[in-house]
Structure formats: structure tokens, C-alpha cells
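Worksheet: the structure to be examined is printed underneath.
Computed from a prediction, not measured in an experiment: that's the story for all the values here. A, B, ... follow the sequence lines: proteins, then strands. Residue 1 opens every chain.
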2 protein chains.
Amino acid sequence: MAALPSGILGDLDPTSDRAVFRQIADQIREAIDRGRFKEGAKLPSESELVEHFGVSRMTVRNALAILQSEGLASSEHGKGVFVRPRPPVRRLASDRFARRHREQGKSAFTVEAEAAGSKPEVDSLEVREEKPAPDISARLGSPRKVLARRRRYLLDGRPVEAAVSYLPLDLARGTQIAEPNPGPGGIYARLEELGHRLDHFDEEVRARMPSPSEVKMLRLSSGVPVISLIRTAYDTDGRAVEVCDTVMAADAYVLAYQLPAN
Amino acid sequence: MAALPSGILGDLDPTSDRAVFRQIADQIREAIDRGRFKEGAKLPSESELVEHFGVSRMTVRNALAILQSEGLASSEHGKGVFVRPRPPVRRLASDRFARRHREQGKSAFTVEAEAAGSKPEVDSLEVREEKPAPDISARLGSPRKVLARRRRYLLDGRPVEAAVSYLPLDLARGTQIAEPNPGPGGIYARLEELGHRLDHFDEEVRARMPSPSEVKMLRLSSGVPVISLIRTAYDTDGRAVEVCDTVMAADAYVLAYQLPAN
DNA sequence: CAGTGGTCTAGACCACGAA
DNA sequence: TCGTGGTCTAGACCACTGC
């Protein structure tokens, strides 16, 4: 049947204007915040909450839906609803593309992940020529066609980031940049070998809720936004030589930047 | 009664494994993406959708809830469900704290907003001394107490950002920094006058769903994440002289940074 | 007032996971 | 097998908006 959900949760206030399902969500949220339910712990089942609060199941489900949309809980079919654990966070430093990090063989992602004790993987590799979308095209100086390099990054088996790099075709065609494996130091090292010494990168950071395809690709649970990062690389001639469009699971990243004061 | 919702929406696929409410959400989402429903337009009412698809009202409401959680639609009690308009976006440039922008009288927020043709406001101003939270304290070199300056920023009456600045008390007490109005150029100008020439800023950027209090303070509609930005200001002695904790409505901002390639 | 979305009930059947 | 969450129905009453 459904044992008592323990003494952690109180009673409803029938005099309150606040909707019943919001009151229930408030109580569970407060219990989570106070540590009465720890990370990864199972919340009381729907039937337990129905019995405890004396409401219908839909009311309880509405309450749990609030917590899921806030990113506080996530449900697992057949098992229960759990306090969502905070996954390890990957920190992107503002010097992550500095030339000195590129001298070695491995990619920045691989080096950094291994240093943090995680197992890095890259999959869904696809390299193709295509007509660029208008905003990408504008950033690259309106080339007719571009080389697109798509890939997905995983840490310990969990997808955390999906990225597409676009390069003007006249620059990349026939070079190792057009190969699935661009070689040591990645495409930035290849660009410099081709005479395009990199000067600086512009990054634009946005946050939004994911599209259904992004939910699938990054296996996002509900209540997790994505960070959208668009980076443009410029060579010392001031030419945009690459645009990288990245979507990251927001609960897996913190971006660090340093700004000059002068 | 409920007129036809026009020929924009198709039929359900009864052979599909996909849940009915997801199919309905898919159809409406696709119609929005194709521009069949424009920004700000009213979607078919719940009763129209009930009639069109031949399902119960809860099924239709579940479908609409998906679109709202994705940030694609928002409901207005008594009026309808509407395609959520994309508000104007405020762009934060990476040189926004450069000293040259500080020479004039007005604050950076005010200057920039007026240049963009918006009406800027700052409210909820509160200045007080308090014991810092552990993470703030650590960033500032563990002072016993700090000066906290809280405020909220609005554009054309819409709240877009809430911020708290923390400064070590020994540095700020008794100065104009402890006044509600810190004077021309803001607290950074005052800090430099006090001999703390600023060297650089560190910024940490995260994204997550808002807490209920943040929803209230920023009047966020569902499906809108927040960007959390923590900035630490360092003087030329390497001392952290200010930490600013900012929460921004993610649909109102794009952050721009420039990274060196050296 | 009629139409809209907001809340809530009391059922039903299904799919998944663990034992 | 049984307990879990996932989906769906067919109602009900309420609160807000606009005419």
C-alpha cells in the first residue's frame, strides 16, 4: 500500500490562497533545501504523497512536475522520483585556447578531462561541405560554402557538449582540417601551419531551454537549460577563419573569463 | 463553443508509439517554427484543440505545458496561450568595465540602455553590512564582514537583472561606496580614487533554472533560465576588492567576450 | 455575460524495474 | 508479481479578461 512518507513533510494550509499543488511543491523543495532529502535520494512515491496530503494523484503529479521543471528532481519510470544530483562541473578557463596549450599532441578536451580524472570521448564525428546558414555565413565573411565539422563530447559516458565548426571552404579544402582526425593540436594548430596565425577569439554566450533534438543528443533531464556558445576565431590579418557553434549541458559547465580593467 | 483552429494543425497518428500529448506539442511546435503562428500570436484555445484532436482537456494541457517549458509559449489567464515573443537582447561586451567607459557621469547600465533606445531604471536599492556567505568570503580573502549593495535593473519597466556587490568592510565603510548613490562612474571609480587601481576582473558564467524567488523578482515566464554571473574585481596589488553576484533573465542577454590567442 | 486558462477529483489502463 | 511513474478520460468549479 504505501507507508508514511516519514515526518519530514507537514500539512497543507487550507486557508492559503496558494494552490494545493504549489504548497506541496513548496514543502518538498524546502525539505530538499534543508537537506532532509539528500542528493540522489528517493522522494516519497506519488501514492505516499496522495495519502499523506489527502489529495488526488494529479495534484501530487503537478507538484512533482514543478520540482522537475526547476531542475531539483527527476523521475525514473518504474523506480521513483529522485533529488537530482549535481554532476561534476567542467570549468572552461579563458586561456583554454592559448597557443601554449596547443603544442602537445592531444586535444584540449582530452587533456583537461584526463587531468580531472574523467574519461573523455568524442563521437558523432562528421565532416562535410555545406552551404552555411545566414548568421554563420555573415560571421565568416559570406563564403559560398563552408566545411562543417560536427562532433559530440562525452565525459565518463555522459554527453555534455555538441559542437559544429565552420571554416571557409577555400581555406580548409584538401587540408588535414577536412580529415576526421585533424591531428595534434586540433584545427587551430593546422590553421597556423597554413599561415593563418591566430590573433584572438570572440565568444558569445547565451542560455535557453533545449530543443527536443538537443534533449535527445545531450540526454538532458527536464529542468536543465543549455548554454549556447558561438566562437569566432580571427587571424592576425583580421580575417574570421572559423566559427564554432557549441551547445553545452548547463549543469555540466562553468565558463571562466578574464577581463582587463584598462 | 469553439471554432475550428484553422487548417494549420494536422491529425494524430494512432499507430505511433509517441504519446498523444507529445504529438500535439510536436504539431504546434512545428507550426510555430514554420511561422504559421507568429511571435505574440494567440494559439488555438484549449477547447478548440480538444475538439480538433478529439482528446480530453488534460491531454491538451499537457501538450501546452511542454511548449511552455521549452520557452516557446506562455499562457495568460483569461486571455489565451501565446507564442512567446523574443524580447530585445542586451549585449554585454567584454570591455564594458574598461576605464574609459567610467570617465563620464552615468553608470554603464544607464549609458548603454539609453544608447539602445530603452528606458533604464534601478530599484530595490539596499546597502547594508553583513556576514558574507562562505563562497563570497573565500573570494574576498575571508573578511569578517562585508558591505553588500543590492539592486535590480529594469529596461522599459521590465526587470532583467538582479545584482549584489560585496566589498570588504575595511575598504568600503565610511566611503561613498557605502552610500545608496556611489557617485559618477560607480563604485569602481570610487575604488580607484581610494588608491585601489583596478587590474582585471574574473567572471564565472553559469546557467540554471530560476528559484521561485528569482521568478518573482525578475517576473520570469516559464521556460526561461537565468544566467548566473559572479565577477571578482582585483586591484593591481592582486587583492580582490569586490565580488558581484548577478542573476540575469537569460532571454534578455547575450554575453560577449574576447579571448587572446597568444 | 461568455470565453479563457487554473485547479482538482476519481477513476482507468499501461510500461518499466526490481525482486 | 507488485510498486513505480506515464498517459488519458470526463467531468467539476474557480478566477481572470473582455465585451
Checklist entry - DNA chain C: E76(A) or G78(B), which has the more 5' nearest nucleotide? => result G78(B)
Next on the checklist: Measuring to OP1 and OP2 of dG6(C), would you say a side-chain N or O of R61(B) lies under 4.0 angstrom away?
Outcome noted: yes
Item to check | Pi stacking test for H77(B) and dA15(D): under 5.5 Å apart, planes under 30° | outcome: yes
Next on the checklist: With hydrogens left out and only the distance checked, is there a donor-acceptor pair under 3.5 Å joining R22(B)'s side chain and the base of dT7(D)?
Outcome noted: no
Next on the checklist: Let's test your reading of the model: under 3.5 Å, does the base of dT7(C) pair with the side chain of R18(A) as donor and acceptor?
Outcome noted: no
Next on the checklist: Rounded to whole Å, please give me the gap between CG in L49(A) and P in dT9(C).
Outcome noted: 13 Å
Item to check | Residue whose nearest DNA chain D nucleotide is more 5′ - L64(A) or M58(A) | outcome: L64(A)
Checklist entry - Rounded to the nearest Å, what distance is computed from the CZ atom of residue R57(A) to the P atom of nucleotide dT9(C)? => result 14 Å
Next on the checklist: Applying side chain to side chain contact (heavy atoms under 4.5 Å, CB included) to F37(A) and R29(A), what does each step give before you reach the verdict?
Outcome noted: CA-CA 9 Å; F37(A) 297 117; R29(A) 186 189 306 106; over 6 Å; no
Item to check | Least distance between heavy atoms, H52(B) atom then G10(B) atom | outcome: NE2-O, 2.9 Å
Checklist entry - Which atom pair, heavy atoms only, marks the closest approach of L43(B) to A73(B)? => result CD1-CB, 4.2 Å
Checklist outcome for this item: Nearest-nucleotide check on DNA chain C, L43(B) vs T59(A); residue mapping nearer the 5' end is L43(B)
Item to check | Contact summary for R84(A) and S74(A), nearest pair of heavy atoms | outcome: CD-CB, 4.0 Å
Next on the checklist: Measuring from the side chain of S75(B) (C-beta onward, heavy atoms only), which nucleotide among dT9(D), dG6(C), dG6(D) has the closest atom?
Outcome noted: dG6(C)
Item to check | Integer-rounded Å distance: dT4(C) P and F82(B) CZ | outcome: 11 Å
Checklist entry - Once you round it to whole Å, what is the distance between C1' of dG3(C) and CD of E51(B)? => result 14 Å
Item to check | Between P of dT9(C) and CZ of F21(A), the distance in whole Å | outcome: 12 Å
Checklist entry - How many Å lie between CD on E48(A) and P on dT4(D), as a whole number? => result 6 Å
Checklist entry - Can you check salt bridge (charged side-chain N to carboxylate O under 4.0 Å, His left out) on E161(B) and R152(B), steps first, answer last? => result CA-CA 6 Å; E161(B) 175 179 347; R152(B) 187 173 69 155; over 6 Å; no
Checklist outcome for this item: From the candidates dA18(C), dC8(D), dG18(D), the one with an atom nearest any side-chain atom of K79(A) is dA18(C)
Next on the checklist: Does dG11(D) have OP1 or OP2 under 4.0 Å away from a side-chain N or O of S56(B)?
Outcome noted: no
Item to check | Distance in angstrom units between E46(A) CD and dC2(D) C1', rounded | outcome: 16 Å
Checklist entry - In whole angstroms, how far is the P atom of dT4(C) from the CD atom of Q68(B)? => result 16 Å
